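Below you'll find the structure, written out as C-alpha cells, and then a few comments.
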2 protein chains.
Amino acid sequence: MPPDGLHRASGDATEGARARLLAAAERLFAERGMAGAGLREITAAAGTNLAAVNYHFGSKEKLLEALFTQRARPIVAERLRLLALCRPGRGRPPMLEQILHAFLRPAFSHGAEFGRLRARLSVESEALYRRILSDTFDASTRTFLDAVVAALPALPRAEVTWRFHFMLGTMVSSMANSGRIQSVSDDAIDPAEPEAVLARLIPFLAAGFRAPLPKPPKPRETAPAPGTRPAARRRRP
Amino acid sequence: MPPDGLHRASGDATEGARARLLAAAERLFAERGMAGAGLREITAAAGTNLAAVNYHFGSKEKLLEALFTQRARPIVAERLRLLALCRPGRGRPPMLEQILHAFLRPAFSHGAEFGRLRARLSVESEALYRRILSDTFDASTRTFLDAVVAALPALPRAEVTWRFHFMLGTMVSSMANSGRIQSVSDDAIDPAEPEAVLARLIPFLAAGFRAPLPKPPKPRETAPAPGTRPAARRRRP
DNA sequence: GTTTCTTTCAAACGATCGTTTTATACAGGT
DNA sequence: ACCTGTATAAAACGATCGTTTGAAAGAAAC
C-alpha cells in the first residue's frame with residue numbers, strides 16, 4: 001500500500017528510488033515523449049522494479065506532475081530572484097535586457113533535458129499537459145509579462161503580449177534544440193553553452209520587443225495566393 | 001498484395017482512401033503525436049479498414065513520410081515563388097521584411113494541423129523524424145538563409161545563422177499554438193488568422209535580425225550570478 | 001462466362017502497454 | 001520473539017499496439 005497521498009514529501013534518507021525515477025523519467029520523457037517512453041524502460045534506467053512508479057507516484061501521469069513540480073520550483077524561484085535584482089535604467093523601469101536575462105537564464109541553466117521536456121509539452125494539445133505547464137509556469141510568466149510591459153511604456157499591452165508569446169516560442173525552441181543545431185548551415189554554431197545562446201538571444205529578442213508598432217489592422221481583402229488552402233475552419237461563436 | 005513501391009503514385013480516380021487516410025493522419029498525428037495516435041483511430045477517422053494503412057503506405061512511418069512529402073511540396077514551392085517576386089529595396093538586396101514574408105506566409109497558410117505536426121516533429125529527437133523534416137524543408141530553408149544573409153550585409157553570416165534559428169523557433173512555436181494562445185494574459189489575442197500573426201511576427205523578427213552585434217565573446221570566466229550553477233544537479237539544501 | 005489485378009474486409013498474430021496483485025524482505029517499537 | 005508500516009520483487013492482468021494473413025468483393029479485359 002502506498003504510504004499516503006503526498007508519498008513522504010518530507011526529506012528522507014531512503015529517497016533513492018524516487019530521485020532515480022525522476023531523473024530517468026526526465027531523460028526518457030524528453031527523448032521519446034510521454035507516449036513513447038515506457039514505464040519498463042524508465043524503471044530499468046532507474047534501477048528499480050516496474051511497480052516502483054505506481055508505488056511511489058501512483059501513475060505515469062502523476063510521475064510527470066511530480067517531475068514538473070520539483071524541477072520547475074527552482075527555476076521559478078531563481079527567475080523572481082533575478083528579477084528583484086534588476087536595477088532601473090535611466091528611466092524608471094528596469095532595462096528590458098535585464099528582465100529578459102532574469103527570465104531566460106534560469107530556463108537554460110537548469111538542465112537541457114528538462115528544457116527539451118518543456119518544449120515537448122508546449123506543443124502538446126492534451127489538457128493534462130497544458131495544465132501542468134500552466135500550473136508550474138504561468139504565474140511567474142505573468143509577472144514577467146507585466147515587467148516587460150512596464151519596460152516598454154510606448155507600446156500597448158496587447159502588442160507586448162504578442163511579442164512575449166513570440167519570445168516564449170523562441171525560448172522553448174532554443175531549449176529543445178540546445179546542443180544540436182547542426183542542420184541548416186555548416187557554420188560553427190554550438191549552442192551547448194547556455195551563456196552562448198543567451199548572448200545572442202537577448203539582443204535579438206530585445207530588438208524585437210522594441211520594434212515600432214506595425215501598421216494597424218488593414219481590414220482589406222488580400223487575395224490568397226493560388227494553391228493555399230483556407231487553413232482554418234473557424235467556428236462561429 | 002500491394003501494387004508496387006510507389007503505390008500508384010499517379011493521379012487516379014480511386015484515390016479516396018489514400019487521401020482520407022492522409023487527412024486523418026495529419027489531424028491525429030498533430031493532436032496526439034506519432035506515438036499517441038493509433039492506427040485504429042486513424043483508419044476509423046478515415047472510414048477505412050485497419051489494414052488500409054499498411055496496404056497503401058506500407059507502415060505507419062511510411063504514412064508519415066508520404067504525408068510530409070505531399071504537404072511540404074506546395075509550401076516550399078510557394079515560398080520560392082514569393083522569394084522570386086521580392087523586389088530589391090533602396091540598396092541591392094530585397095527588403096528583409098519581404099524575404100521573411102515569403103518564408104513565413106506559406107508556412108501559416110497551408111493548414112494549422114500541418115503546422116502543429118511540424119512543431120511536434122521539430123522537438124523530436126528520433127532520427128527518422130529529424131530526417132523527414134530535413135529532407136522536406138532544409139533545401140528551401142538554406143536558400144532563405146542565404147537571402148537573409150545577403151539582406152543584412154553588415155552582419156557576419158554566423159550571427160545571421162543564429163538569428164535565423166531563433167526565427168525558425170518562433171515560427172514553429174507560433175504554428176503550434178495557432179488558434180490557442182489563451183494562456184498568460186487575458187487580452188484579446190486570437191491568432192487564428194495567419195495574416196494577423198504575420199502582421200505582428202514579421203516586424204518583431206525583422207527588428208531582431210537588425211539588432212546590433214552583441215559584444216564579442218568574453219573569452220574568460222565571467223562570474224555567474226550567485227546561486228546559479230551550470231546546469232548540474234545540486235545536493236540537498 | 002472466366003481470368004486477372006486491385007482493393008477491402010474480418011480476424012488473428014506476437015509484442016508491449018500501464019496497472020494491479022501477491023508475496024517477501026527489512027526496518028523500528030513494544 | 002511479535003506486530004506494524006515501508007519498500008522491493010516477480011508475475012500476471014486486460015487492453016492496445018503495429019502488422020500480417022487469407023478470404024471476399026469489385027472492376028476491367030478477354
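Here is the naming used below: chain letters follow the sequence lines, and residue numbers restart at 1 for every chain. All values derive from a computational prediction rather than experimental measurement.
Partners of B/Tyr129 by ring-ring contact (aromatic ring centres under 6.0 Å, His included), not counting sequence neighbours: none found. When the side chain to side chain donor-acceptor pair (under 3.5 Å) test is applied to A/Arg73, no partner is found at least two apart in sequence or on another chain. By the side chain to side chain donor-acceptor pair (under 3.5 Å) test, A/Arg27 is found to be paired with no residue, residues two or more places apart in sequence or in another chain being considered. When the side chain to side chain donor-acceptor pair (under 3.5 Å) test is applied to A/Asn49, no partner is found at least two apart in sequence or on another chain. Contacts of A/Phe29 classified as ring-ring contact (aromatic ring centres under 6.0 Å, His included), with partners at least two apart in sequence or in another chain: none.
Atoms CZ (B/Arg20) and C1' (C/dT7) sit 12 Å apart, rounded to a whole Å. With rounding to whole Å, B/Asn49 atom CG is found 15 Å from D/dG26 atom P.
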*B/S/- contact track for nucleotides 18-25 of chain C, protein heavy atom under 4.0 Å*: BBB-----
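Taking only side-chain nitrogens and oxygens, B/His56 comes nearer than 4.0 Å to OP1 or OP2 of C/dT8.
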